[in-house]
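Below you'll find the structure, written out as structure tokens, and then a few comments.
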Amino acid sequence: MNVDIGNALASVASPGISRDALESLDDQVAVAHERIEAGMDAGEHGYEALNLPERTDTDEIRLAADRVAGPETSAIVTVGIGGSALGAATITDALNGEDDPEAIYLDNVDPEWLTSELARLDLETTVVNVVSRSGTTAETLANFLIVRDAFEAASVDWTERTIVTTGESGPLRELADRHDLPSLKVPDGVPGRFSALSAVGMVAAAVCGHDLDALLEGATAEAETLTGSLFECPAYAYGAMAYALDTRGAGINAMMPYAEALETYAEWFAQLWAESLGKDDLGQTPVRALGATDQHSQLQLYRAGPRDKLVTFVSVEDGADLEIPETDVDDLAYLGDATLGELLDAEFEATEASLAAAGRPNVRVEIERVDEFELGGLLYGMEAACVLAGELYGVNTFEQPAVEWAKKATRGLLGGGTFEEAEAVAEKTELRVER
Ligand SMILES: O=P(O)(O)OC[C@H]1O[C@H](O)[C@H](O)[C@@H](O)[C@@H]1O
């Protein structure tokens with residue numbers, strides 16, 4: 001990926017960054033990079049994620065996929081949530097074509113929605129990947145039990161169609177062992193939101209026939225750019241700029257890809273940025289947007305609202321294109337000279353220029369096309385940017401204690417955890433908990 005930070009500098013943007021400030025930011029990047037390299041070399045928790053391009057065994061993933069899926073497969077259902085769903089969804093939503101099996105993500109516990117999703121599936125030709133790093137996430141386990149039940153009700157042997165992707169031990173691991181299911185291990189030292197380039201993110205892609213090795217090659221190419229300077233490394237340029245703008249008041253980061261294929265990427269980015277950096281009263285709030293659609297719903301605020309935003313564009317250089325048919329309506333004639341791709345590009349450039357003209361900081365992340373290689377680079381690049389930003393903020397990028405609290409308390413309220421956990425929630429919510 002390429003990163004253009006020109007519109008975030010002081011000449012056009014406010015809050016902006018002067019050349020001197022940029023030089024001193026670069027010194028901070030050099031120090032942070034040393035820490036990141038040391039963490040990667042030692043395989044430390046979290047930093048290990050940046051080693052995934054050379055650690056992930058794609059043969060093992062394909063083998064597991066081949067045990068449950070074949071040419072007849074019509075759908076792959078991933079049962080997982082957060083980091084156990086968003087990386088995989090980003091990849092299949094970006095790459096899947098009409099002829100690929102449908103990739104579905106059960107990442108919510110809305111009964112009506114789950115019922116209708118299951119009802120429309122042909123379970124005879126559907127395969128399942130149940131994913132949970134901890135193996136204990138209530139939403140995932142509940143959904144999986146319901147999916148399993150649906151298979152049994154349809155007299156389809158779920159054990160022949162289910163892969164389990166989880167940690168070394170825990171309830172899901174036990175289930176995989178008991179039924180001799182194909183299983184994959186969530187790599188040690190890799191938090192869920194950094195696991196897109198491991199088995200966690202790649203099983204659905206394997207079932208859909210995408211090139212897993214090319215995903216890793218793209219990530220490797222990005223990893224090779226990690227040097228101690230933001231002037232040489234696109235990922236660090238992005239992470240450093242986002243951090244520096246936040247400290248100057250841009251506490252909101254609107255991620256706005258100009259491609260439908262990358263809509264889920266913005267969702268993945270939101271978890272990465274929010275859970276990794278949102279701690280110790282610090283962090284930058286990610287917002288999901290989509291170009292050109294959200295020009296017509298959010299742009300007014302971005303250009304003329306509070307000066308508290310960075311807009312991150314993701315643009316794709318070579319996409320598919322469509323002719324816009326000619327018309328004899330005079331006022332529409334200008335459209336007939338363009339293609340739909342040209343219209344999208346013009347909208348992107350106009351929006352970028354309009355923000356710059358209003359002194360609103362924005363950064364352009366560019367990829368050449370939406371394919372495995374470029375996507376691998378984009379995922380890896382943002383992860384590296386996030387790790388760098390975490391170092392600059394001085395937070396523990398790889399934990400999420402605030403989420404864990406609510407997770408445990410939910411279990412407590414349902415009777416699956418300790419009474420104290422449930423009681424703590426009860427106090428805050430006026431619920432009653434019986435001993
Ligand atoms: O993979 P699991 O253990 O099921 O966890 C799924 C998700 O649970 C929580 O919400 C965490 O905050 C996320 O970081 C994690 O990705």
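Just follow the structure's listing: the first ligand is 1, and inside any ligand the first atom is 1.
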Task: Check: Asn253/Thr312 side-chain N/O donor and acceptor closer than 3.5 Å - done: yes
Task: Atom-level proximity to ligand 1, residues with heavy atom under 4.0 Å - done: Ile81, Gly82, Gly83, Ser84, Ser132, Arg133, Ser134, Thr137, Arg193, Gln271, Glu275, Gln400, Val403, Lys407
Open item on the list: A side-chain contact here means heavy atoms from C-beta on lying under 4.5 Å apart; do Phe373 and Glu368 qualify?
Closed with: no
Open item on the list: Check Glu37 with Arg35, please: is the shortest side-chain N to carboxylate O separation under 4.0 Å?
Closed with: no
TODO: Determine whether the aromatic ring centres of Phe398 and Phe194 lie less than 6.0 Å apart.
DONE: yes
TODO: I would like to know whether Ile36 and Leu50 meet side-chain contact (heavy atoms from CB on, under 4.5 Å); could you show each step before the answer?
DONE: CA-CA 9 Å; Ile36 294 169; Leu50 297 179; 3.7 Å; yes
Task: Distance-only polar pair, side chains of Thr92 and Tyr105, donor-acceptor under 3.5 Å - done: yes
